[in-house]
2 protein chains.
Amino acid sequence: MAVNLKQLAELLGLSQTTVSRALNGYPEVNAETRERVLQAVRETGYRPNRAAQRLATGKAYSIGLVMPIASGIDSDIHFGEFLAGLAEEAVKHDFHFVLNPSAPDDEEATFRRLAASGNVDALFLAYMRANDPRIAMLKALSIPFVVHGRSIGGAKDYPFVDIDNTAAFYDAARLLIQLGHRRIALINGPEYLAFSLRRKKGLTRALEEKGLRLDETLVHHSAMTDEYGYRSMQRFLDRPDPPTAVLCSSTVLALGAVRAINQASLVIGSDISVIAHDDVLPMLKPENFSVPLTTTRSSLRAAGARIAKRLIGGILDRGDYPEQELWRAELIVRASTGPAPGR
Amino acid sequence: MAVNLKQLAELLGLSQTTVSRALNGYPEVNAETRERVLQAVRETGYRPNRAAQRLATGKAYSIGLVMPIASGIDSDIHFGEFLAGLAEEAVKHDFHFVLNPSAPDDEEATFRRLAASGNVDALFLAYMRANDPRIAMLKALSIPFVVHGRSIGGAKDYPFVDIDNTAAFYDAARLLIQLGHRRIALINGPEYLAFSLRRKKGLTRALEEKGLRLDETLVHHSAMTDEYGYRSMQRFLDRPDPPTAVLCSSTVLALGAVRAINQASLVIGSDISVIAHDDVLPMLKPENFSVPLTTTRSSLRAAGARIAKRLIGGILDRGDYPEQELWRAELIVRASTGPAPGR
DNA sequence: AAAAGTATTCAAAGCGCTTTGGAAGGATAC
DNA sequence: GTATCCTTCCAAAGCGCTTTGAATACTTTT
């Protein structure tokens with residue numbers, strides 16, 4: 001059923017060389033001939049054999065994924081969402097994945113093995129930490145890679161896609177401050193992750209701009225689960241001087257926080273304001289919260305797709321993408337934010 | 001640096017044929033020769049080129065994954081965990097993945113495309129529903145597959161790895177009944193999934209054995225998130241006749257349920273008993289609950305690894321695995337179960 | 001009109017493995 | 001001693017693509 005290059009070439013009365021070149025966009029092919037070839041491809045449903053391409057070109061047409069198996073990360077709901085974005089794009093180009101689960105302590109060995117195996121053309125990195133050693137490691141392995149997120153400190157010259165976490169939480173905090181809030185709490189992701197640090201910085205900056213100081217006891221770091229959101233919020237509300245507003249690093253955390261607030265019989269949007277970062281998890285839409293949530297929004301899945309696109313573009317030497325992309329999260333105001341109480 | 005077969009053969013003064021056969025376990029190789037070959041492999045670090053093997057054998061050495069993008073499923077925390085198990089095993093054998101995100105309505109097309117692409121040797125299926133049409137579909141495509149879970153109704157002759165969900169919840173319910181509980185609630189997974197139906201059946205059976213009937217209003221079905229566990233439990237507790245015990249289909253659901261119970265100031269293990277199914281999610285250990293949770297336990301990651309092993313074994317024609325495996329979940333009694341109150 | 005490009009095409013080699021169809025040599029059978 | 005059978009090995013073909021190095025047919029230049 002499936003035709004191969006040779007048969008296709010025979011059918012067209014051309015050589016394999018010409019057909020191959022026509023398909024791969026080489027310039028030395030007559031435009032008319034190229035059109036004939038393309039037409040024949042459409043008619044026969046020809047699809048090049050990836051295994052043969054791999055062998056001939058030495059490319060793997062695959063991207064390597066190191067699945068972190070660490071507490072606070074592994075089986076994270078956010079990971080699945082990101083992966084869906086990567087896969088969505090990869091499948092369009094018939095790219096494969098090599099999935100490597102890895103504990104943090106043999107991550108380096110995993111990268112090394114993966115790079116040496118020749119099974120992947122490129123890697124991607126996520127869950128960036130401050131001074132993340134993996135960037136230098138991958139550079140040393142001289143295998144192309146794109147980072148999701150950014151490290152803090154260390155070399156700056158590596159390709160990444162990140163959102164401007166500082167700006168996102170700066171914007172969010174500024175809105176709250178404009179609304180009169182002064183005691184703003186932060187329910188953040190794990191402390192060792194760069195995005196958490198940046199979001200905290202955004203909040204700090206907005207406060208300091210108004211001559212206010214961040215109360216460190218109003219900042220909690222944890223894995224981004226519902227449960228931790230709940231606990232953090234509860235502890236905040238138990239204080240003699242509870243915050244009048246809270247920033248959450250994920251809608252998942254917000255879910256728990258909202259529950260704690262409801263339980264305390266406080267009204268969201270008037271007694272206390274809530275802003276969460278929305279990764280656009282299909283399961284958890286901020287507009288479906290009992291009180292629709294004000295959010296800083298940036299799709300995790302879109303980031304995955306973008307990274308796949310860049311990785312693949314790089315491998316196929318096509319497409320010209322900026323090395324470093326910093327996406328701006330949108331601040332979307334819904335009903336969970338309002339003026340600070342007593343004002 | 002990396003040697004190939006030809007070089008290895010020259011080094012040994014043998015033909016490529018013999019070396020290849022020695023490595024692939026063919027019988028027509030002198031035992032001593034084979035040992036020499038193996039030794040040389042160790043010394044040189046020879047690794048066969050997968051692309052070449054693929055081309056020569058026609059095998060893809062890859063397994064296809066259709067990532068469901070459906071509500072209640074997508075980005076499910078359980079999926080990541082299962083995937084980690086699959087990947088863990090696959091990486092040992094240098095197998096790759098083709099990840100295909102797919103909405104439910106073009107799942108069939110996705111399978112078809114995947115099977116036709118020649119990019120995968122086998123598929124795996126999960127999230128089984130009653131009378132699941134995908135089984136017949138894959139049989140028709142005549143591509144090897146292993147199912148995680150089982151359908152209900154329809155053909156019975158297909159390979160699967162499943163846990164005995166009926167027995168698990170039967171055992172759990174029986175324990176509760178022995179402890180004097182009569183009103184047992186069930187916070188279950190989505191109603192359309194087979195495992196949910198079976199777990200409900202297990203509970204029903206245990207009750208009926210003692211002449212009791214399942215109160216359908218004490219059964220809730222939902223996506224397995226914290227949030228839904230909380231809501232379900234809350235609704236149960238709001239009733240004039242709340243249950244004295246509850247079964248949860250996941251520790252994630254139990255997390256929410258426990259919270260609702262605490263909020264109602266009830267004591268787990270005396271006022272109300274809780275048993276949850278434990279998929280062994282590293283992030284959510286039942287022993288770390290405020291009151292350690294009695295569970296039916298079966299590792300999701302282990303199931304993933306097992307399925308990968310069977311899939312790979314089938315592709316490589318090695319290993320002889322039973323077609324159908326029904327794992328028994330362990331019932332582990334901790335502090336969340338106790339005698340029914342007032343007894 | 002000869003020389004020198006330019007555009008277009010092709011035959012054949014090669015990627016690194018598996019597998020087919022022998023072949024050589026020794027042991028066994030007749 | 002010849003025929004037959006194992007055992008063990010090998011040369012070469014082939015998997016389906018890309019790419020090198022020419023070849024062919026036109027144009028353009030001189």
Side-chain angles (χ1 to χ4, degrees), chain A residues 1-38 40-41 44-62 93-94 96 117-119 121 315-318, chain B residues 1-38 40-41 44-62 93-94 116-119 121 315-318:
Chain A
M1 198 69 260
V3 291
N4 59 24
L5 226 212
K6 190 175 176 183
Q7 297 168 327
L8 188 66
E10 266 166 21
L11 191 80
L12 285 160
L14 291 169
S15 71
Q16 292 190 39
T17 308
T18 302
V19 178
S20 172
R21 294 208 153 129
L23 291 176
N24 293 315
Y26 282 71
E28 64 264 49
V29 175
N30 187 305
E32 190 185 318
T33 307
R34 190 189 304 272
E35 199 36 68
R36 272 182 62 218
V37 171
L38 259 29
V41 167
T44 58
Y46 168 74
R47 310 235 58 207
N49 179 310
R50 254 293 138 87
Q53 290 184 312
R54 279 189 242 266
L55 185 57
T57 61
K59 286 180 184 165
Y61 298 100
S62 311
H93 302 276
D94 195 8
H96 298 191
S117 74
N119 280 330
D121 305 302
I315 294 167
L316 301 179
D317 299 314
R318 74 166 73 119
Chain B
M1 197 73 258
V3 291
N4 60 24
L5 225 211
K6 190 174 176 185
Q7 297 167 325
L8 189 66
E10 265 165 23
L11 190 80
L12 284 160
L14 290 169
S15 71
Q16 292 190 39
T17 310
T18 303
V19 177
S20 172
R21 292 207 153 131
L23 291 176
N24 293 315
Y26 282 70
E28 64 266 50
V29 176
N30 187 305
E32 191 184 317
T33 305
R34 188 187 307 269
E35 199 36 67
R36 274 181 60 217
V37 171
L38 260 28
V41 166
T44 58
Y46 168 75
R47 311 234 58 207
N49 179 309
R50 255 293 138 86
Q53 289 184 313
R54 278 188 243 265
L55 185 56
T57 61
K59 285 177 183 166
Y61 297 100
S62 309
H93 302 277
D94 195 9
S117 74
N119 280 330
D121 305 303
I315 294 166
L316 301 179
D317 299 314
R318 73 165 73 120

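Values in this document were obtained by computation on a predicted structure and should not be read as measured data. FYI, side chains are in, hydrogens and waters are out, and symmetry mates aren't considered; it's all heavy atoms of this structure.
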* **Stepwise side-chain contact (heavy atoms from CB on, under 4.5 Å) check, A:Gln7 with A:Leu11** => CA-CA 6 Å; A:Gln7 297 168 327; A:Leu11 191 80; over 6 Å; no
* Asked: Side chain of A:Thr18: nearest nucleotide among D:dC15, D:dT18, C:dT9?
  -> C:dT9
* Asked: Considering only D:dG14, D:dG16, C:dT9, which nucleotide approaches the side chain of A:Asn49 most closely?
  -> D:dG16
* To do: Give the nucleotide from the list C:dG16, D:dT18, D:dC10 with an atom nearest to the side chain of B:Ala52.
  => C:dG16
* Atom-to-atom span, CG of A:Asp317 to P of D:dT18 - whole angstrom -> 14 Å
* Asked: Could you state the CG-P distance from A:Asn30 to D:dT27, rounded to the nearest angstrom?
  -> 13 Å
* Structure fact -> Testing D:dT19, C:dG14, C:dT18 for proximity to the side chain of A:Ala56, the answer is C:dG14
* From the options C:dC10, C:dT8, D:dC17, select the nucleotide whose nearest atom is closest to the side chain of A:Glu28. => C:dT8
* Gap between atoms NZ and P, on A:Lys59 and C:dG16 respectively (whole Å) -> 16 Å
* Asked: Within this structure, what is the CD-to-C1' distance between B:Gln16 and D:dA13, rounded to whole angstrom?
  -> 12 Å
* Asked: Roughly, in whole Å, what's the span from CG in A:Leu55 to P in C:dC15?
  -> 9 Å
* Asked: Contact class for B:Gly13 (heavy atom, under 4.0 Å): base, sugar-phosphate, or nothing?
  -> sugar-phosphate
* Could you check B:Arg21 against B:Pro48 and say which one's nearest nucleotide on DNA chain C is further toward the 5' end? => B:Pro48
* Asked: Where the side chain of B:Ser20 is defined as all heavy atoms beyond and including C-beta, which of C:dT9, C:dT18, D:dC9 is the nearest nucleotide?
  -> C:dT18
* To do: Side chain of B:Tyr46 only, please: which of C:dT9, C:dC17, D:dT19 is the nearest?
  => C:dC17
* To do: Just compare D:dT18, C:dA11, C:dT18 and give me whichever is closest to any side-chain atom of A:Thr17.
  => C:dA11
